[in-house]
Amino acid sequence: MPSTPHPIAATTLPLAEWYRGAARDLPWRRREFHDEYAAWGTLVSEFMLQQTPVNRVIPHLEAWLARWPTPRALAAASPADVVHQWANLGYPRRALWLHRAAIEITDRHDGVVPRDVDALLKLSGIGDYTARAVAVFAYGDRHPVVDTNTRRVLARAVLGQAQPGSPSRRDLDLMDAMLPVDDADAAVFNAAAMELGATVCIARAPRCEACPLIETCAWVAAGRPDTGDTRRRQAAFEGSDRQARGAVLRLLRDAAPRAVLLETVLPEWPDPLQRDRAIDSLIADGLAEADGEMLSLPR
DNA sequence: AAACCGGGGCA
DNA sequence: TGCCCAGGTTT
């Protein structure tokens with residue numbers, strides 16, 4: 001008669017087995033991807049995946065890496081080319097951060113993406129998630145990797161709550177306590193938790209009937225209570241400054257490499273003050289550049 | 001801790 | 001229409 005399964009094994013083993021059979025075939029999970037681009041490929045993919053869904057990232061990722069296959073190659077590019085190549089991925093400041101990170105990697109790390117989490121955290125645009133994702137998925141080290149999917153899986157399977165609370169260090173601590181001891185097993189556990197949250201334990205209508213953790217899930221055991229959505233509603237996009245910024249930047253991308261006359265930038269925009277505010281903020285962010293009466297992508 | 005930052009897909 | 005997305009930075 002075997003003893004009661006270790007609480008970690010109770011989730012680790014079914015999750016790992018499920019992942020072997022259910023993991024999507026994504027570019028950054030292929031052997032050739034790592035052979036060709038090493039940790040740089042993982043880093044670029046993680047930048048693009050920050051708040052942009054997987055399916056929208058894939059074509060952009062391949063085009064980006066084909067053009068700039070190393071940190072040194074990207075570091076030598078102009079900001080204008082970088083912002084233009086980023087296209088409509090959204091949150092264009094990420095493009096500048098990635099460019100800056102490439103320069104930092106070239107200057108401070110001899111063109112090699114660092115392996116150390118603290119070194120990764122010092123790079124532009126890299127926070128808790130991305131630093132650990134690179135260390136784990138590119139280098140195979142043992143760290144907790146916690147994204148929005150993992151936080152939801154932990155909230156339900158472990159804490160018995162329908163939705164995660166606001167992000168905090170506790171997420172990392174909890175995931176750290178659950179990680180298998182072995183490096184490779186820990187990496188699979190990290191990836192599997194994210195995959196489960198992305199494909200089964202999804203935000204709106206979780207597919208519990210397909211979940212490998214249904215036997216031990218605290219939320220299911222509690223009768224799937226609606227514990228209330230603690231997240232904050234995002235402000236409306238229509239009529240927002242973000243929409244104005246996006247419209248200006250799209251115009252600059254379409255005109256590139258040429259500059260445009262300031263007077264010709266969204267002359268019909270409903271709120272001229274908002275348009276001017278958008279232009280100023282883009283310049284402040286380094287996403288646009290003014291030269292006299294002309295506006296363009298940053299040189 | 002909260003605000004800000006794009007854009008598209010889907011119910 | 002509202003919700004969601006392999007987050008990070010700034011205040």
Side-chain angles (χ1 to χ4, degrees), chain A residues 19 23-24 26-29 41-61 83 86-98 100-101 120-138 143-154 162-172 175 187 190-199 201-207 229-253 277-278 280-282 284-288:
Chain A
Y19 183 72
R24 292 167 294 176
L26 302 174
W28 44 91
R29 291 179 179 162
T42 301
L43 190 151
V44 174
S45 73
E46 296 298 349
F47 263 86
M48 292 186 172
L49 287 163
Q50 291 168 4
Q51 294 290 286
T52 300
V54 165
N55 289 335
R56 219 149 59 85
V57 161
I58 290 173
H60 288 281
L61 174 66
V83 173
W86 194 258
N88 61 339
L89 271 173
Y91 293 105
R93 293 190 297 190
R94 287 182 292 164
L96 294 181
W97 292 339
L98 177 55
R100 203 172 306 150
L120 286 161
L121 283 169
K122 289 190 173 71
L123 299 175
S124 297
I126 292 192
D128 282 331
Y129 167 77
T130 306
R132 288 167 176 78
V134 170
V136 170
F137 301 135
H143 305 281
V145 181
V146 177
D147 74 333
T148 186
N149 293 304
T150 297
R151 295 200 317 110
R152 186 172 51 250
V153 169
L154 292 178
Q163 302 290 346
S166 45
S168 80
R169 289 292 305 194
R170 298 202 318 276
D171 305 324
L172 273 177
M175 191 64 177
N190 278 310
M194 292 168 60
E195 186 74 358
L196 189 70
T199 63
C201 194
I202 54 181
R204 244 171 304 189
R207 302 165 45 227
D229 195 339
T230 58
R231 289 156 305 166
R232 183 165 311 280
R233 229 189 90 205
Q234 185 177 6
F237 180 65
E238 187 70 24
S240 67
D241 283 9
R242 305 166 78 169
Q243 184 187 32
R245 280 169 55 102
V248 171
L249 197 55
R250 173 186 296 266
L251 185 152
L252 295 182
R253 280 200 311 266
R277 198 161 61 239
D280 289 342
S281 72
L282 287 171
D285 284 348
L287 286 163

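In what follows, chains carry the letters A, B, and so on, assigned in the order in which the sequence lines appear, proteins first and then strands, with residues in each chain numbered from 1.
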Residues that A:Ser168 engages under side chain to side chain donor-acceptor pair (under 3.5 Å), provided they are two or more places apart
none
Run the side chain to side chain donor-acceptor pair (under 3.5 Å) test against A:Arg245 and tell me which residues pass, sequence neighbours left out.
A:Ser281, A:Asp285
If you look at every strand shown and take non-hydrogen atoms under 4.0 Å, does [X] touch a base, only sugar-phosphate, or nothing?
X	value
A:Thr148	sugar-phosphate
A:Val54	sugar-phosphate
A:Asn55	nothing

Check: protein-nucleotides 9-11 of chain B nitrogen or oxygen pairs below 3.5 Å:
none

Selection from B:dC5, C:dC4, C:dA6 that lies nearest to any side-chain heavy atom of A:Ala203
C:dC4
Under the side chain to side chain contact (heavy atoms under 4.5 Å, CB included) test, residues paired with A:Ala191 that sit two or more places apart:
A:Tyr19, A:Phe137
For A:Asp280, all residues meeting side chain to side chain contact (heavy atoms under 4.5 Å, CB included), sequence neighbours excluded:
none
Could you give the distance separating [M] and [N] at their [atom1] atoms, to the nearest angstrom?
N	M	atom1	value
C:dT11	B:dG6	P	16 Å
C:dT9	B:dG8	P	24 Å
C:dC4	B:dC5	C1'	16 Å

Can you work out whether A:Pro53 or A:Asp128 has the more 5'-proximal nearest nucleotide on DNA chain C?
A:Pro53
When you measure only distances, ignoring hydrogens and angles, does the side chain of A:Arg29 come within 3.5 Å of the base of C:dA6 through a donor and an acceptor?
yes
C:dG8 base to A:Thr130 side chain: any donor-acceptor pair below 3.5 Å?
no
Can you measure [X] atom [atom1] to [N] atom [atom2] for me and round it to whole angstrom units?
X	N	atom1	atom2	value
A:Asp285	B:dG6	CG	P	7 Å
A:Phe237	C:dT1	CZ	P	15 Å
A:Arg169	C:dG8	CZ	C1'	15 Å
A:Glu238	B:dG6	CD	P	16 Å
A:Gln50	B:dC5	CD	C1'	12 Å
A:Arg94	C:dA6	CZ	P	12 Å
A:Trp86	B:dG7	CH2	C1'	13 Å
A:Arg242	C:dG7	CZ	P	14 Å

Main-chain N/O of A:Val146 paired to A:Arg151 side chain as donor or acceptor, under 3.5 Å
no
For the pair A:Arg94 (side chain) and A:Leu89 (backbone), establish whether a donor and an acceptor sit closer than 3.5 Å, ignoring hydrogens and angles.
yes
N or O in side chain of [X] less than 4.0 angstrom from [N] OP1/OP2:
X	N	value
A:Gln51	C:dG7	yes
A:Asn149	C:dA6	yes
A:Arg250	B:dG7	no
A:Thr150	C:dA6	no
A:Asn88	B:dG8	yes

Name the pairs: protein N/O against N/O of nucleotides 9-11 of chain C, kept only if under 3.5 Å.
unit_1 : atom_1 : unit_2   : atom_2 : d
C:dT9  : OP1    : A:Gly125 : N      : 3.1

Tell me if the CZ atom of A:Arg170 is crowded by more than 12 foreign heavy atoms within 6.0 Å.
no
Worked verdict on A:Leu49 versus A:Val54 for side-chain contact (heavy atoms from CB on, under 4.5 Å):
CA-CA 7 Å; A:Leu49 287 163; A:Val54 165; 3.9 Å; yes
Could you verify whether a donor N or O on one side chain and an acceptor N or O on the other, from A:Tyr129 and A:Glu46, lie under 3.5 Å apart?
yes
Out of the candidates A:Val57, A:Ile126, A:Thr52, only one should pair with A:Phe47 under the side chain to side chain contact (heavy atoms under 4.5 Å, CB included) rule; please name it.
A:Ile126
Could you say whether A:Ser281 or A:Pro167 is positioned toward the 5' end of DNA chain B, judged by the nucleotide with the nearest heavy atom to each?
A:Pro167
Could you tell me if the side chain of A:Leu61 sits less than 4.5 Å from the side chain of A:Ile58, heavy atoms only?
no
